[in-house]
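Residue numbers run from 1 in the order of the sequence given.
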Amino acid sequence: MTNNDGIQCWFCGTGIEKEDTQAVEVSLRNLWSNEDDPPKQYFWLHSVCALEKLQGKGPKLDLDVFTDSR
């Protein structure tokens, strides 16, 4: 059981603990929507799952931008 019941990783399906301080929320919407505020769907990812699954040919995913103290 996690301390965030109901928040499960989109990729692996297991719960995400608060201790995973670099876990992320991803929102998706229609890229070409003409609406001012188009509908969105939200997904959550463990930091490890995000790094493993969201690497493409372009810019690299950098989770540090979400946790660096400024």
Euclidean distance, Ile16 CD1 relative to Cys49 SG, rounded to 0.5 Å
8.0 Å
If the condition is ring pair (Phe, Tyr, Trp, His ring centres under 6.0 Å), which residues does Phe43 pass it with, not counting sequence neighbours?
Trp10
Point-to-point distance, once rounded to the nearest 0.5 Å, from OH of Tyr42 to CG of Leu28
10.0 Å
With sequence neighbours left out, what residues match Lys40 under salt bridge (charged side-chain N to carboxylate O under 4.0 Å, His left out)?
Asp37
Report the distance from atom CD1 of Ile7 to atom CD of Glu17, rounding to the nearest 0.5 Å.
11.0 Å
Which atoms form the tightest heavy-atom contact between Ser33 and Glu35, and what is the distance?
OG-N, 3.1 Å
Could you work out, with side chain to side chain contact (heavy atoms under 4.5 Å, CB included) as the rule, every residue matching Asp62, not counting sequence neighbours?
Asp64, Val65
Measure the shortest side-chain to side-chain distance between Asn30 and Pro38 over non-hydrogen atoms and say whether it is less than 4.5 angstrom.
no
List the residues meeting side chain to side chain contact (heavy atoms under 4.5 Å, CB included) with Leu61, not counting sequence neighbours, and say none if there are none.
Ala50, Leu51, Leu54, Gln55, Leu63
Quick one: does any side-chain atom of His46 pair with a main-chain N or O of Gln8 as donor and acceptor, under 3.5 Å?
no
Considering residues at least two apart in sequence or located in another chain, which fulfil the ring pair (Phe, Tyr, Trp, His ring centres under 6.0 Å) criterion with Trp44?
none
